[in-house]
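First the structure, in the form of structure tokens, and then the observations on it.
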Amino acid sequence: MVKVVLENVGKVFKSSKEAKETIAVKGFTAEFPSNKVVGILGPSGCGKTTTLRAIAGLDPPSEGKIYFDDKDVTYLPPIERDAALLFQFAVVYDNMTVFDNLAFPLMVKGVEKEEINKRVKETAEFLGLSNILKKKAKGLPAGINQKIALGRAIIRKPKVLLLDEPLSSLDPESRLYLRRELKNVIRSMETTAVYVTHDQSEAMTLCDKIAVMNEGKVHQYDTPENIYMNPATTFVAWFIGEPGMNLIDCSLEESEGKYYIKIDGVSDVSFDVSKWSDILKKSEKIVLGIRPEFITITKAYKKNSMKGKCLVVESFGSFALLDILTNCSPNNIIKVKTPLSDDLPKVDEDIYLKFPTEYIRLFDKKSGELRVVMTE
Amino acid sequence: MKVSSLIKFVLVALVTLILIAYFDLPILVMIITAFKQRADIFTPVPKWIFTPTLKNFADIFAGTTTMAEGTLAIRNSLLFVTISTVIAMFIGSLAAYGFSRFKFFGREDLLFFVLSQRFMPGIVIVLPMFVLYSSVGLRGTPLGLILLYINAALPFVIWMMRSFFDEIPREIDEAARLDGHSWFTIFIKFVLPVARNGFLATFLFSFIFGWGEFLFALILTTPESWTMPIAIVNSRVSSEILWGQIAAYGVISIIPVFIIAVALQKYLVRGMTLGAVK
Amino acid sequence: MAKLVVENVTKKYGPALTLEKISFTAEEGQITVLLSPPNGGKTGICKIVAGLDEVDSGKVYLGDRDITNLEPKERNVSMMFQKLALYPNMNVFENIASPLKARHLPPSEVKKQVEAIANKLKISHTLYRKPGTLSGGERQRVALSRALVKSDAELYILDEPLTNLDAKIRASMRAEFKILQKEINQTMLYATPDPIEALSLADKLIVLDRGKIVQQGTPEDIYRNSVNKFVATLVGYYPINLIEGSIIERGKKIILQTDAFEIEISKLRNSVKDYINSKVTLGLRPELLNIAKTEPKTQEPSDLFYIKGDVFEFEIRGSDTVVYVKINDQIIRVLESKITKYDTGMTVWLQFNLKDIYLFDAASEQLIR
């Protein structure tokens, strides 16, 4: 197990055709603790695969350094880094048996036959592949293929295990199942794992820490819980959560020595923020964030609640997602997640939304950064 | 780090120069020869410094030293090859589209049959073609040679265009059909433009094949319908072969192909279906 | 808009897939969703309805016309392809304008309509760019615009329109789509492999299994009364728990016996009387289960069951928690719509209602609800 350290890693792609530079990654500085699973999460094109490839040694960075423990591996080829890579589509050699597939990396290294046998049997048992060792790898279901690919990756006991969305091509059942297997395997293996994905529920469940990326930059590197409750930027707030945090424009106002946050376009809702007035004064414009599941809804007006009209009701088994039309900006639709009940609002009905203060987060609009975590 | 990349650069440059020399030296010699006077061509030691002359070119244009009118052969080549290649591209592309998009009984067999036309060495049918053409009265006519060249180019065009069409996702055709366009419109406006690069590359190569065609031109043409290769071969006066003139013909023959290749070069490199389909 | 009627359509695609006797109606102004795992036949049906493929037998009616043998352009339908099929050599404007140009509309009219739909779908800023330069979400909207610009089409077919998008964009486009559909108010045939999309968008839901329709109805109906294991597993927010067991009679009581636990289901006597002493599969939807941390007080008789178990593991996924409860070596998943922390190994009580259970004959059938 090995600590992976990235120092100001950046990657620029030059396109000779258009004389344009694409900055894929910029300023990635983070330490991935050993024996933990670290996730790199972000939308398509955010630079996560590029970063992973740099860590793997497939595509060295344009700037910055990468260390495994204290060793500078920035420009070392993959073989010398002792890192194993697992791809989205399981790489399995069709014409060989499962046994040979697992044995392959060791054979390439020149390990002795007896040792190979031992390790293959161990690994197969570990992954539950013992009963198909003799079978040809062709035609096996995708879930098994990924297990074989995983086996091949871990059999050489690599220092670092790199996974590039390995579960995204599987059906939901296999994905759930394999997710837990993966978690157990990594835990018991004592290796450092870096897991790239755009699926946040995967990242949130598998990873000890997550680096949330967008457009080449890391917005937050923290535990899943912190990322969820205290997102560092408006991007993280919006990206994390299904659906993400509602982000509403508001302004700081003063009245009789006290400071209040007032929501733009809504007259009778305000929150006392005198405690944080110094911080908030520095921002030109403020954004209020609140997650859909924390908003409470009532059919009748309650003090400090906002009026809205129900536009869309999506019901799923035990909860419902509502789109509420309000006078807010920049987006006049507020999403609410509420448990399914007989009392669910109907489309076109008027409804009142209340934001419990302990779940409100205030961001600076210009930089997107989190400024205040409100308490009671 | 910087030193090793410098060494790499020098090595690559060296290898490139050697390759260029290997392939292009003969062409260079030919170009130089075209501008040499007769005496300079036959020196025992090759003469690199000499007084250039345009006499060889002048002779071609005046037509004084060969059996046929000077520029006739050049014009014939341009005419026959261009017309036949264009027609072959048109007919061949349509056929290739059919092979690519429509499933019908015996499709692969028919395709193989078409391609197999090229397997046979031309020399096998030269004599029968001579007889056939003579009896039909096509021998020595432009039409005759053009028809032959079209036929020779078709298998290649169909084969190449079909594989380019295969690379274009069917969904594009389907979307256009749903939009309400006719088959022909779909072919011209939606599919062909996407295969533009393949189309132009195929055109270029077909043109080159036709341009250098010798055997059938030799047998089936008369002096009025000579193409350039034949004019080159006939560049002699009783006892002597006019090397200078041959070289001059060579230089002239490079020009059209060179122009086309340079003009098309950027299309040959860029890709097209980027982003149209997932 | 018109009503689409598909009658007994059959088509063989080779050994892998056959569409067998597909019959359904897509009512006017509604979204009818075809749901199946990949290669279930949804794209096949879409293509047949569009006229891109022929049927081996059966008929397709749109409104009062028999369109079974008509060419696509004669059918007056519009389609959005899963693979988008944008014309790479044309810019966005020309892509969207294509159906209008095919009808030889005057350029001024074409411009007006294209700009209107681009505005509605928020892609006006891309009109003069080529598809290759756009992001995934933008391309999706272009393909959708092209399908919707034909405003007088009688039917709109959408083949997996959101499948290739990032999970995040997919969720937001889903809600947008729902609003859009209300505005447009047209008949739509929508194919998707994603049950969440289906549950959210469908007015009518049709579930396909390898070329056959297994169930059709409203999403709520199919969710609550899944006709077999396949449907129950597919149509749900989270994969359903399936436990093997059998029904036995013990004295006057009817008991459902599984490897994990036993519950009395005497109230269901009428529904299960033919299955006494047979093997069945019990289905429990994770989202309908609850967890109680303390032993609940029950009053008999009750429709609520409490089963004791240990917390094996739990995962916090955003605002939900998935708890894996171990009961006698069986692991049952529970989805809680809130964040709760548990200690691994702590004792909890699984809580569910009799009316929420599914019982399937071991040979794949549903028994009661």
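Throughout, protein chains are lettered first and strands after them, A, B, ... in sequence-line order, and every chain is numbered starting at 1. Nothing here was measured: the structure is a model prediction, and the numbers come from that model. As a basis for the values below, the full set of heavy atoms in this structure was taken, side chains included, without hydrogen atoms, waters or symmetry mates.
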Selection from B:H181, B:K189, B:R170 maximising heavy-atom pairs under 4.5 Å formed with chain C
B:H181
Six-ring centre of C:Y87, C:R146 cation under 6.0 angstrom, axis tolerance 45°:
yes
Contact class of C:E74 relative to chain B, heavy atoms under 4.5 angstrom
neither
Which atoms of C:M90 come close to chain B, meaning under 4.5 Å heavy atom to heavy atom: side chain ones, backbone ones, both, or neither?
side chain
Under 4.5 Å, heavy atom to heavy atom, which residues of residues 24-49 of chain C contact chain B?
C:K47
Result of checking C:E197, C:Q181, C:E160 against C:Y190 for side-chain hydrogen bond (donor to acceptor under 3.5 Å, both in side chains)
C:E197
Over-ring placement of B:R196 relative to B:F203, 6.0 Å and 45° cut-offs
no
So, do B:Y149 and B:F80 have ring centers that fall under 6.0 Å from each other?
no
I would like to know whether C:D66 and C:T68 meet side-chain hydrogen bond (donor to acceptor under 3.5 Å, both in side chains); could you show each step before the answer?
CA-CA 6 Å; C:D66 178 351; C:T68 320; 2.5 Å; yes
Counting only heavy atoms closer than 4.5 Å, note whether B:S182 contacts chain C via side chain, backbone, both or neither.
both
Please walk me through it: do B:I188 and B:W183 pass side chain to side chain contact (heavy atoms under 4.5 Å, CB included)?
CA-CA 9 Å; B:I188 299 286; B:W183 278 109; over 6 Å; no
Of all of C:G51, C:A153, C:A50, C:S98, which one pairs up most often with chain B through heavy atoms under 4.5 Å apart?
C:S98
Quick one: what part of C:V142 sits under 4.5 Å from any heavy atom of chain B, side chain, backbone, both or neither?
neither
Mark yes or no: C:K11 above the aromatic ring of C:Y13, with NZ or CZ under 6.0 Å from the six-membered ring centre and no more than 45 degrees from the axis.
yes
Output, in order, the C-alpha distance, side-chain angles, deciding distance and verdict of side chain to side chain contact (heavy atoms under 4.5 Å, CB included) for C:L158 and C:L144.
CA-CA 8 Å; C:L158 298 120; C:L144 188 55; 3.4 Å; yes
How about B:F23: does its CZ atom have over 12 heavy atoms from other parts shown lying under 6.0 Å from it?
no
